Every structure is written in C-alpha cells, then in structure tokens.
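Reading through the structure tokens given below for one structure.
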Amino acid sequence: MSERKTITPTHRYRNNDKLVGIGNAFWDTSYDNGVAGVVGDLKDGVFRMADGHEFVNFTVCSYLDLDTHPKVIDGAVESLRRFGMLDHCIPRTRVQTPVVLELEESLGELFGAMVINAVSTAAASTGLLPLIASGHLGNGTRPLMVFDKNAHVSMGNAKPNCADETEVVTSRHHDLEFLEDMCRTYERVCYVVDGSDSLGGYAPVVELAELQEKYNLLVFYDDSHSLSAYGERGIGYVRTHSPVLDERTITVATLTKGFGAGGTAILLDGYSQETRRLIERFAGPLGYSQKMNAAAVGAAMASAEIHRTEELTQLQGRLRANIALFDSLVATEQAESTFPIRVVPMTDETVVEAAKQVFAAGFYTSPVFFPIVARGTAGLRVMLRAGQTEDQIRRLAAALVKAGARPGAAAQAAPAGSVAE
Ligand SMILES: *Cc1c(COP(=O)(O)O)cnc(C)c1O
C-alpha cells in the first residue's frame, strides 16, 4: 500500500489551496459577524429577516432596479405562458423553439450587433475563450492569450483550457506597453480584460483600438458592469467608446446586473453565420442543453423594450443623481466616477465592526479586507442604484460616517458651527 502515489500539482493557472486558504477565513469572519449568509424576504425595496430586522441592500448590482420592474416580472410570466415551457432541454443546434431567437433579434437591433445569448457570462467565457485560443474564432491563427491580471474570475478560469490550445500569459493591469511588446513578438495576440472593472475604472478602449489597428490585436471584453447603466440605450462602456467594432472586438455582458433579467449576451461584429454556428456547436456550455429559459427571455424582452424608451434615460439619470448625492456625503477614492460602485475606506481591524453597525442601522454593505484585498485597501463596498431614495442614501451616509467613514464635501460643509478636520 505504501507504493501508492502522491500527486504534486503544477498550479500553473489555478491553485485551490491558496484560493480556499486565503478566502475561507475571510468568509468565516464575515459569516460569524452576521454580514454574510444573510437571508430575508424582499418587498418594496426593503429586506425583512425572520427575526424582524429590516434593511436596504446597498450591494446589489441591479443598478437600474429593472429586476423588480413590474414590466420585467410580467414579461417573464407571460413568456412562460406563451411558450408553454421553461427550457426545452436539447442543444439548440438540433431543435429549438423561437424563444431565444426572438431575444437575439431584439438585442441585435438594440445593441447594433450580432447577438448570441447564453445562460450566463461565465458559461459564455468558458466556451468562447478556448475557441479563440485555438484560432477558430478569429482569423485562424492561434493567438498568444494575454489575460489581464484583474480579469474577472469567470475569464481567468478559462486559462488552463486555453493553455492546452495555445500559450497563455498574465499581464499587469492595463499594461499597454507589455501588450504592444507581445504584439511585436507574436503573430497574433488576444487580450482578455474587463470593459468595466468591478471596483471602478474602465478599460483603455481607445489605446487598445490603436493596437488593434496596428497589430490586428483581438480584444475580448467582459462589459458586464456597464451594460444598461452606461451609454445610449444602455449599450455599455465598450460599445460606446471603442473605435473598433469589428471581428477584432468580442464583448460579453451579463443580462443580470443593470439589465435586470438573466443570462448573457455575446456581442459580435463582422462574423459570419458559419462562425455563429461554430460557436453554438463548440463553445462549451453553449452547445450543451441549457439555454436562457423562457422566463429569463421574457424578462429580457421586456427589459429591452424599456431600453428603447425615455424611461431608460430617466433611470440612468436617477442613478447618476444618487451617485452624486452619495459622493457629496461620503469620501471615497471612486468619487466623481460614473461607475456605481464605491469602496468606503476602513482598516482591516475596523471594517467588520463597521459593517455590523451599518447593518444594525438598516443597511447592508459588504466588507472587503485582507487577505481578499491588499493590506491597506479594506473597506465597505457600496453600490448605488436608481431606485434608492434620497432619504435612504442620506441615512446610509450618516451611518457610515458614524462607523468611521470620512464625510464628503457636502457633509463636511453642512452642519453650522461644526469644525472641519
Ligand atoms: C457579474 C460578472 C460576471 C458574472 O456574470 P454571470 O452572467 O452571472 O455569469 C461575469 N463577469 C463580470 C465582469 C461580472 O462583473
């Protein structure tokens, strides 16, 4: 029995010992302090827990509150009745009802792209990235795959699969110099990056477009955080600002967050119907059985309709006003950004206690601290939404300041006779 082998992992692209070792202590601390594992019913924008505690969730990514919009809810229910099924479980390449096709046509018109829908962004990236790595989605040349260090985990998880098809490297965040160097060295390069970062900030789409023009660089963007919240008709950051919208730019964006429905949209330009079929057949989970189901499609169809109206502009305006109000009351590094996420600075020692206090005051904000973020960058994550009321934001800001946050310019100026620091 002593002859049985022990396995030594290579850990070239992932390491669960490290991931769980670092992350689980963070989660246990959050859970033990009642700021993770929270359960409650949601009604009229307020959560109510079994013990009667009520709170407003300030860390939900539904930036326009479309997930609770009556038309979106009705859209989901009506679609179920109209199509008479949830998901007809068979690869769509064999047999399908028009349910997903109708959505693809609608979103294609809305975003001015060829759209392929999938059950989630994670599924789409899992499927698309290895096809890009092998050159099947692109010009036939296997590209060097450059993953931005901060690329969302749903993209980073595809590294081992891509590495079996081509070479994979990880770059520093938005390192254009390195990228250009790789473009000079390799026949073809694909850069994998978030269009909009989950802690604020956007991809340098204009500078990347220059590299696209000069070296035929392919860029794979995940613009999940800015779809709906940003741009005309909610087209998102990348499609608003990228000068290159052809086969060299591939974008995926979730339909959950700002869009308020479910599933994801793959946005393509300049690709043929053959490529489309190739994706449907070979892009991993896209070729298996589960598609966006009829309820998610109905919700997305209704949300798309809202995107075509003045209401979207109004919701975006309310979101911007709420962001500005929050920034005037609480100081953060992200203040002034159009992006709806803020990290209210705390220390590793104070952040959990601050989250507890703010939660007791009726607001959920999520603490992030070492070791899941670097030392010295701990804080409470706050996400602004269109549907939060002025009163809720003011009361949250007061609770945050009481828990140790630095007041914003308006709050510092406001109370007569108070001494500014
Ligand atoms: C939220 C998020 C996802 C997850 O999207 P799903 O559609 O739920 O898979 C993927 N990428 C980024 C950048 C995100 O912010």
Side-chain angles (χ1 to χ4, degrees), residues 57 59-67 72 87 100 103-104 107 111 115-129 132 147-159 161-162 170 173-174 191-205 208 219-231 234-239 242 249-267 283-286 288 290-293 295-297 299-300 303-304 319 334 337-343 366 368 372-373 381-385:
N57 189 357
T59 54
V60 60
C61 294
S62 183
Y63 305 121
L64 302 181
D65 287 289
L66 287 170
D67 64 320
V72 173
D87 182 18
V100 179
L103 178 63
E104 288 169 342
L107 295 182
F111 297 129
V115 173
I116 304 176
N117 285 119
V119 73
S120 73
T121 315
S125 294
T126 299
L128 290 172
L129 288 168
I132 294 172
F147 283 76
D148 190 279
K149 164 178 159 294
N150 291 4
H152 190 266
V153 61
S154 56
M155 292 176 275
N157 274 342
K159 283 180 194 176
N161 287 345
C162 291
T170 304
H173 188 44
H174 295 170
Y191 180 46
V192 182
V193 68
D194 292 33
S196 33
D197 295 344
S198 62
L199 285 182
Y202 298 99
V205 293
L208 286 170
V219 184
F220 183 94
Y221 287 111
D222 181 339
D223 212 10
S224 289
H225 273 294
S226 80
L227 197 78
S228 305
Y230 192 100
I235 200 167
Y237 186 83
V238 170
R239 293 188 71 84
S242 174
T249 299
I250 295 173
T251 309
V252 293
T254 192
L255 299 179
T256 51
K257 301 193 166 127
F259 205 82
T264 199
I266 301 163
L267 305 165
L286 273 70
Y288 313 155
Q290 193 170 170
K291 302 164 287 296
M292 275 180 73
N293 65 48
V297 170
S303 177
L319 172 62
Q334 298 79 27
S337 150
T338 52
F339 201 76
I341 304 181
R342 298 290 180 264
V343 182
S366 57
V368 291
I372 69 151
V373 294
R381 293 226 301 169
V382 171
M383 296 171 203
L384 283 311
R385 288 183 280 117

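If you're wondering where the values come from, they're calculated on a predicted model, not measured in any experiment. Because only heavy atoms are used, hydrogens play no part in the values below, and waters and symmetry mates are left out as well, while side chains stay in. Both ligands and their constituent atoms are indexed starting at 1 by order of listing.
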>> Within the 4.0 Å heavy-atom shell around Ser120, which atoms of ligand 1 are there?
In response: 7 (O), 9 (O)
>> Evaluate Asp194 for polar contact with ligand 1, using N/O atom pairs at a separation under 3.5 Å.
In response: no
> Among protein heavy atoms, which lies nearest atom 15 (O) of ligand 1, and at what distance?
Replying inline: Lys257 NZ, 2.5 Å
> Does the Gln334 side chain pair with the main chain of Ile341, one donor and one acceptor, at a distance under 3.5 Å?
Replying inline: no
>> If I take atom OG1 from residue Thr264 and atom NZ from residue Lys257, how far apart are they, to the nearest 0.5 angstrom?
In response: 9.5 Å
> Using heavy atoms and a threshold below 4.0 Å, how should the contact between Ala122 and ligand 1 be classified: side chain, backbone, both, or neither?
Replying inline: both
> Is it true that a side-chain atom of Ser224 and a backbone atom of Ala253 form a donor plus acceptor pair closer than 3.5 Å?
Replying inline: no
> Under a 4.5 Å cut-off applied to non-hydrogen side-chain atoms, are Val373 and Val343 in contact?
Replying inline: no
>> With heavy-atom distances below 4.0 Å as the criterion, list the atoms of ligand 1 near Ser154.
In response: 10 (C), 11 (N)
> Can Asp222 be said to touch ligand 1, with heavy atoms closer than 4.0 Å?
Replying inline: yes
> Which is it for Ser224 and ligand 1 at heavy atoms under 4.0 Å: side chain, backbone, both or neither?
Replying inline: side chain
> Can you tell which part of Met155 has a heavy atom less than 4.0 Å from ligand 1: side chain, backbone, both or neither?
Replying inline: neither
> Would you call the rings of Tyr202 and Tyr237 parallel, tilted or perpendicular, where under 30° means parallel and over 60° means perpendicular?
Replying inline: parallel
> If you round to the nearest 0.5 Å, how far is CG of Leu267 from CD1 of Ile250?
Replying inline: 11.0 Å
>> Tell me the protein heavy atom at minimum distance from atom 5 (O) of ligand 1, and give that distance in Å.
In response: Thr121 OG1, 3.3 Å
> Which protein heavy atom lies closest to atom 8 (O) of ligand 1, and at what distance to 0.1 Å?
Replying inline: Thr254 OG1, 4.2 Å
> Given the rule in the side-chain contact (heavy atoms from CB on, under 4.5 Å) test, do Leu129 and Phe147 qualify, once you have shown the distances and angles that lead to the verdict?
Replying inline: CA-CA 11 Å; Leu129 288 168; Phe147 283 76; 4.1 Å; yes
